[in-house]
Amino acid sequence: MAKKKWTAKDLPNLAGRTIIVTGASSGIGLVAARELCAHGARVILAVRDVDKGRDVAQDFVGDYEVRPLNLADLESIRAFAAEWTGELDVLINNAGIMMAPAFRTIDDFELHMGTNHLGPFALTNLLLPFITDRVVTVSSILHRRGRIHLEDLHFDSRPYNAMTAYQDSKLANLLFTLELQGRLSEKGSAVRAVAAHPGIARTNLVAHVHGVNGLVNSLSQRLCNDAQKGALPTLYAATQDIPGGSYVGPDGIGHLRGYPVIHKTSKRAMDADVARRLWDASAELTNTGQ
Ligand SMILES: NC(=O)c1ccc[n+]([C@@H]2O[C@H](COP(=O)([O-])OP(=O)(O)OC[C@H]3O[C@@H](n4cnc5c(N)ncnc54)[C@H](OP(=O)(O)O)[C@@H]3O)[C@@H](O)[C@H]2O)c1
């Protein structure tokens, strides 16, 4: 008999649980926040545009709050964390950008590395004392093509390439998960660090991909998940009893679409030495996680 596919209908009753979803104003984060809320969790939509966050959450059923968080700004991250009180069951590091033109964050980080990795790194470390269950970080199948240039994280001496910058930051997400899980286990903590990826899902993520947008859109209609299905690996990773360090993605061909299952990460994402050195560099850059 074929194994039953896991869907959002299989989410447990999440009453009493508090969950932060970053980037909950659009795409996968919005769907995940709505589903978690509908299943009883108290959900904090951590968004860079609070008006947009309030607007998209209008149809939410349940307990939610919208709070400002700009992951491309360490001051905003510190302010968000400083406001936090009480237990936090799950932090979902979902917010991300893809293929943006060359740009620096206010802290002078390359925009992808800053928004997709260094921001979530700082946020996680600042919130870690409150986290009781797990940290979920959303990566991508494109992490497989990433590389960590520890000597040049911000493209100071390499020619800038937007896809490379995205891929590197998504590999950083998995190396962060690997190292975080190692550190938690070493301390005997029951908190888990897990990762997810949506395959390819139709969201606003490709907004910067000028020229190929039309092609991506028409191909994606047939080949990809919609945002609803793209959010399933994140929801699974956030709520199911899976081992720390797990990487959850769609079960379909090429892992591009389908229903959530646990996958192996790539060899590059299992490099413990690079993971440790990336952690040290990120700790120094963000002054967190030392
Ligand atoms: N869609 C895919 O095919 C795909 C594939 C692999 C991985 N992913 C990953 O899935 C995650 C969600 O992406 P998505 O596809 O749902 O894209 P999306 O629709 O563009 O959503 C991205 C979210 O991140 C937020 N965000 C961007 N920069 C931010 C910042 N500086 N501070 C706080 N929030 C910020 C956006 O806020 P605004 O609403 O204000 O723009 C938005 O809410 C990302 O980590 C992405 O890398 C997606």
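Start at 1 and go down the list; that is how both ligands and their atoms are numbered. Values in this document were obtained by computation on a predicted structure and should not be read as measured data. Throughout, residue positions are numbered sequentially from 1 according to the sequence presented.
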Review point. Are Tyr247 and His143 close enough, and set up right, to give a ring pair (Phe, Tyr, Trp, His ring centres under 6.0 Å), and what steps lead you there?
Key: CA-CA 12 Å; Tyr247 174 53; His143 85 267; 5.6 Å; yes

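Tyr160 belongs to a hydrophobic cluster with Phe155, counting contacts under 4.5 Å between side-chain heavy atoms of Ile, Leu, Val, Met, Phe, Trp and Tyr, direct or through other members.
Counting atoms of ligand 1 from 1 in the listed order, those under 4.0 Å from a heavy atom of Leu69 are 32 (N), 33 (C). Those atoms of ligand 1 with a heavy atom of Thr115 less than 4.0 angstrom away are 28 (N), 29 (C), 30 (C), 31 (N). With ligand atoms numbered from 1 in the order given, ligand 1 contributes 6 (C), 7 (C), 8 (N), 46 (C), 47 (O) to contacts under 4.0 Å with heavy atoms of Tyr166. Every atom of ligand 1 is numbered from 1 in the order shown, and the set under 4.0 Å from a heavy atom of Ile97 is 27 (C), 28 (N). Counting atoms of ligand 1 from 1 in the listed order, those under 4.0 Å from a heavy atom of Leu71 are 30 (C), 31 (N), 32 (N), 33 (C). Atoms of ligand 1 found under 4.0 Å from any heavy atom of Gly199, numbered from 1 in the order shown, are 3 (O), 5 (C), 6 (C). Short contacts between ligand 1 and Ile200, defined as distances under 4.0 Å to a heavy atom of the residue, involve ligand atoms 3 (O). Here is the list of ligand 1 atoms found below 4.0 Å of a heavy atom in Ala72: 31 (N).
In terms of modelled atom types and a separation under 3.5 Å, the side chain of Thr124 and the main chain of Pro120 share a donor-acceptor contact. Side-chain atoms of Asp226 never come within 3.5 Å of backbone atoms of Arg202 as a donor-acceptor pair (strictly under, hydrogens ignored).
Cluster annotation: Ile131 is not connected to Ile19 through the hydrophobic network of ILVMFWY side chains, with a link wherever side-chain heavy atoms come within less than 4.5 Å.
Between Ile141 and ligand 1, a contact under 3.5 Å exists for no N or O pair.
The residue from Ser140, Ala201, Gly96, Ser26 that puts a heavy atom closest to atom 22 (C) of ligand 1 is Gly96. The heavy atom nearest to atom 44 (C) of ligand 1, out of those in Val138, Leu256, Asn94, is found in Asn94.
Heavy-atom separations between Met98 and ligand 1 are all 4.0 Å or longer. Distances shorter than 4.0 angstrom do not occur between any heavy atom of Arg202 and any atom of ligand 1.
In this view, His39 satisfies the side chain to side chain donor-acceptor pair (under 3.5 Å) rule with no residue, not counting sequence neighbours.
Using cut-offs of 30° and 60° on the angle between ring planes, the pair Phe121 and Trp279 is perpendicular.
By the 6.0 Å contact criterion, CD on Glu87 is open, its count of non-hydrogen atoms from other residues, nucleotides or ligands being 12 or less. Within 6.0 Å of the OH atom in Tyr259, the count of heavy atoms belonging to other residues, nucleotides or ligands does not exceed 12.
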